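Nothing here was measured: the structure is a model prediction, and the numbers come from that model. The residues of the chain are indexed from 1 along the displayed sequence.
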Amino acid sequence: MREIISLNEGWTLRFPKGERAAETVTLPHTWNAVDGMDGNGSYLRTTGVYSRTFKKPVQPLAGGRVYVEVLAAALDATVKVNGTVATTHEGGFSIFRADITDLCRDGDNELTIEVSNEDTPSMYPASADFTFYGGLYRGVNLISVPNAHFDLDYYGGPGIMVNPKPTADGGATFEIKSFVTNPDDSFTVMYSIEDPYGCEVASAVRPSDNTAISIYVPDAELWSMDEPNLYTVVARLQRNNEAFDEIYANVGVRSYTVTPDGGFSINGEATPLRGVSRHQDKLYKGNALTVEDHYQDAQIIKELGANTIRLAHYQHSQDFYDACDELGFAVWAEIPFISVFKSGKDAHEHCRRELTELIVQNYNHPSIMFWGISNEILIGGISQELVDCHHDLQKLCKELDPTRLTTIAHVSSTPTTGPMHRITDVESYNHYFGWYGGKIEQNGPWLDKFHAENPDICLGISEYGCEGIINWHSNTPQCKDYSEEYQALYHEYMAQAFEDRPWIWASHVWNMFDFGCAARSEGGVKGRNNKGLVTIDRKTRKDSFYVYQAYWAKDPMVHIAGRRHAQRAGETTEVKVYSNQDTVTLYCNGKEVGTQTAHRVFKFDVALDEGFNVLMAVADTVKDSITLEKVETEPACYTLPEFNERQEGVANWFKQMGSMDLTAPMEFPEGYYSIKDSLEELAKNEEAFAVTAKAVKLATNFDIKPGEGMWAMMKKMTPEVMAGMISIMPDGFIESLNAKLIKIKK
């Protein structure tokens, strides 16, 4: 029988280039747990060599095989047993295995896994807005099997494919196929289907060389996000009265559709998908998460009331997919074909392999409904080769899995017409109107206009959000003040915009949790992207979390916002309450302030007493309370210093330019720099790059430096493209930048 032996203990990690001393580690492990998010501006991208010894497992019958299974190695790996290469693998997010039987000897065997998180010419991701943690961050196993066993060699897959389909009479057919290595005529495969309560409801037997079968189950209990009923399909490789190998898959019976006007439906019921995106890291653990960490994340998302998760921007842990199956989420799973397109056959073959591994390894998960083939890939521009690669990936998806839909996450600047549309089954855009530029109120009209002009496209929003840092507070929140209040205000608008448009097939907040991005320095916080609804340590749910809970959660809830804005000045102060109940009553120091009937967001003007004040909100059966202090002047520490500095900087920029005729067309004289030049080209001239870097900093709060941070992702962009992509510039700003650049000779 199959035996799975964990090898997570007792590893030695050394660094051949000498950056750090050798250490003893336990898996899961990353060497970037701290420097990947500590704000020092860079992190160790190198090669680490993990090593330990093991004893060869003993199978009772002759001919048994031993495999090493690596659950993920970021970003590429070479596996050796007793000094001989067993396998190599490029791609930091998927399972891979190697048969090491013939490399093993009696007694102790040395296993070494050389892992690198450095960039390579053909491997994705190349550059992105998150930390590329290095290490063996999901664990390593030995798998011992008899000579005849269910497949372990095909792209790290589970050896079984199950496709349950509901039938018109209330039952379901389970289309099953398993894959047997080294079978002979004496072996059969026995299938058993257990219902969500563990009772066998159907079974069948097939010869081991022709395992495909369709099994009918009457009175099937459907899987949905509200009722995630899981069936277990067990496959046993049997000879006579002995089971040689056994595997299983937890699956769900469900059907779903997406239409341009109707949005998403599951099991015939219209159910708009409203949820979040998620990265796989945590404070000072990096991406080396435990089973408990993954399950906690899924539970917090369920608490939010979300019914969908976009798992960006790579294959996630089996532990998290399992949690999504069990708790009930519609999942968008994608490959790291993101941000920077790499030309050439090798890079495309890498994409194909990552997509194949994603689909093969995760085919049985009922939560996964969408395969994502790329994200913001037009950042560096478009080419016919890039478009052709997408068509090929779409074709590969349908060959590997015709049962699911495909999708894509367009960068905001992707033209609303053009060759990147109608490749995948459904589409989404990443939009940040109201944060990187433009106004919050642009979001709704943009959606309506796209829908009217492209009535055949199923449209979603795959990213939207803004930074919210719980130190910063404002009575008059504004874009780029990084206050918790502005983040909540932004999401109030967005939650309502999507509720008003059920034809948006899915919306995904960017992001559920703050996450590590060593290159970032923004809002007074370094090394992090702070767009999360929850802090990176999972300790604090920001006010914006409760905005969505009010819109999405089914259990009664009420939340008073602004509790960290604890000291308030003025004759009155606004107190917001979020609730999914229709009526809220607010009390201050036991006295009723008022009762309001509203939809999700309730606003009260409160005259605080001197000193401390206890506020309590009551909404039907639920209550919440906070304490605020009335003060003469609010603390200066509530305001991000660089917010005022940036506003002054923009004002000074325009003062230096003087008046401009914004109706006149911009000029682009030959031999001079302009906004049409890439950042990489502008960097060739010190003066041109200095003025451009200053403009980018003022407009976006991003520092750009050649070779640092997200330079690889941004260097092919032009100021003109950046302005169009996220509407980042105040009126006249891009024109004034161009006016400065065209005075600088190349």
Side-chain angles (χ1 to χ4, degrees), residues 1-11 26-29 50 52-61 63-73 77 79 81 86-87 89 93-104 108-113 136-162 178-182 189-190 192 194 232-238 242-251 288-295 315-323 325-326 357 360-365:
M1 279 292 286
R2 178 175 301 215
E3 182 182 13
I4 300 176
I5 303 163
S6 172
L7 293 184
N8 286 350
E9 305 288 335
W11 291 85
T26 298
L27 308 184
H29 177 266
Y50 293 83
R52 61 156 287 167
T53 60
F54 68 93
K55 294 188 183 297
K56 180 181 178 182
V58 178
Q59 278 284 333
L61 299 177
R65 311 302 295 176
V66 178
Y67 283 76
V68 60
E69 177 182 61
V70 181
L71 299 178
V79 179
V81 175
T87 191
H89 185 264
F93 309 101
S94 52
I95 298 168
F96 62 97
R97 307 186 186 106
D99 185 337
I100 61 171
T101 311
D102 298 335
L103 300 180
C104 292
D108 287 340
N109 293 270
E110 183 181 34
L111 173 63
T112 63
I113 305 178
L136 292 174
Y137 67 96
R138 288 187 191 152
V140 175
N141 297 316
L142 284 183
I143 303 177
S144 174
V145 288
N147 185 49
H149 56 272
F150 289 109
D151 178 76
L152 288 164
D153 296 297
Y154 187 70
Y155 291 102
I160 185 172
M161 296 174 66
V162 185
S178 58
F179 306 89
V180 181
T181 299
N182 299 326
V189 174
M190 301 180 65
S192 172
E194 298 174 0
T232 301
V233 177
V234 180
R236 294 184 183 89
L237 183 61
Q238 193 84 12
E242 181 180 350
F244 268 56
D245 196 11
E246 181 176 292
I247 55 177
Y248 72 93
N250 289 327
V251 300
L289 304 185
T290 63
V291 176
E292 293 76 18
D293 290 327
H294 288 295
Y295 199 83
Q315 181 171 330
H316 284 233
S317 168
Q318 290 296 314
D319 296 326
F320 196 80
Y321 293 127
D322 289 343
D325 294 341
E326 180 183 337
E357 290 176 333
V360 169
Q361 293 174 22
N362 299 288
Y363 183 90
N364 297 320
H365 288 289

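- With rounding to the nearest 0.5 angstrom, the CZ atom of F320 is 10.0 Å from the CG atom of L289.
- Among H365, R138, Q361, the one residue that satisfies the side chain to side chain donor-acceptor pair (under 3.5 Å) test with Q318 is H365.
- When every heavy atom of F150 is checked against every heavy atom of I247, the shortest pair comes out as CG-CD1, 3.6 Å.
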Inset, instruction - Apply the test side-chain contact (heavy atoms from CB on, under 4.5 Å) to residues N250 and Y248: give CA-CA distance (whole Å), side-chain angles for both, the deciding distance (0.1 Å), then the verdict. - result: CA-CA 7 Å; N250 289 327; Y248 72 93; 4.0 Å; yes
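- Going from atom CH2 of W11 over to atom CG of L27 covers 6.0 Å, rounded to the nearest 0.5 Å.
- Note that CG of D322 and NE2 of H294 are 10.5 Å apart. Values are rounded to the nearest 0.5 Å.
- The CG atom of L71 lies 7.5 Å from the CG atom of N8; values are rounded to the nearest 0.5 Å.
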Legend entry - M1 and E246: CA distance, side-chain angles, deciding distance, side-chain contact (heavy atoms from CB on, under 4.5 Å) verdict: CA-CA 7 Å; M1 279 292 286; E246 181 176 292; 3.8 Å; yes
Inset, instruction - Quick one: do Y50 and V140 satisfy side-chain contact (heavy atoms from CB on, under 4.5 Å)? Show the steps, please. - result: CA-CA 11 Å; Y50 293 83; V140 175; over 6 Å; no
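- The minimum heavy-atom distance between F244 and P146, with the atom names listed, is O-CG, 3.1 Å.
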Inset, instruction - Report the C-alpha distance between H149 and I143 in whole Å, list the side-chain angles of each, state the deciding distance to 0.1 Å, and finish with yes or no for side-chain contact (heavy atoms from CB on, under 4.5 Å). - result: CA-CA 11 Å; H149 56 272; I143 303 177; over 6 Å; no
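- Side-chain atoms of N362 and E357 form no donor-acceptor pair, as typed in the model, at a separation below 3.5 Å.
- Residues N147 and G63 share a closest heavy-atom pair of CB-O, 3.1 Å.
- Screening D151, D245, V189 for a side-chain contact (heavy atoms from CB on, under 4.5 Å) involving V180 leaves a single residue, V189.
- Proximity of F54 to C104: side-chain heavy atoms (C-beta onward) are separated by under 4.5 Å at one or more points.
- The distance from atom CG of L136 to atom OG1 of T26, rounded to the nearest 0.5 Å, is 12.0 Å.
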Inset, instruction - Check step by step if salt bridge (charged side-chain N to carboxylate O under 4.0 Å, His left out) holds for D108 and R52. - result: CA-CA 10 Å; D108 287 340; R52 61 156 287 167; over 6 Å; no
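- Taking all atoms of both residues into account, the shortest heavy-atom contact from Y295 to A323 is CD1-CB, 3.8 Å.
- Considering every non-hydrogen atom in both V291 and D319, the closest pair reads CG2-OD2, 3.4 Å.
- Side-chain atoms of V79 and F96, non-hydrogen and from C-beta on, do get closer than 4.5 Å to each other.
- Contact between A86 and I100 at its shortest, heavy atoms only, is CB-CG2, 3.8 Å.
- Partner N141 forms a side chain to side chain donor-acceptor pair (under 3.5 Å) with one of R97, E3, E69 and no other, that one being E69.
- Note that OG1 of T101 and CD of Q59 are 9.5 Å apart. Values are rounded to the nearest 0.5 Å.
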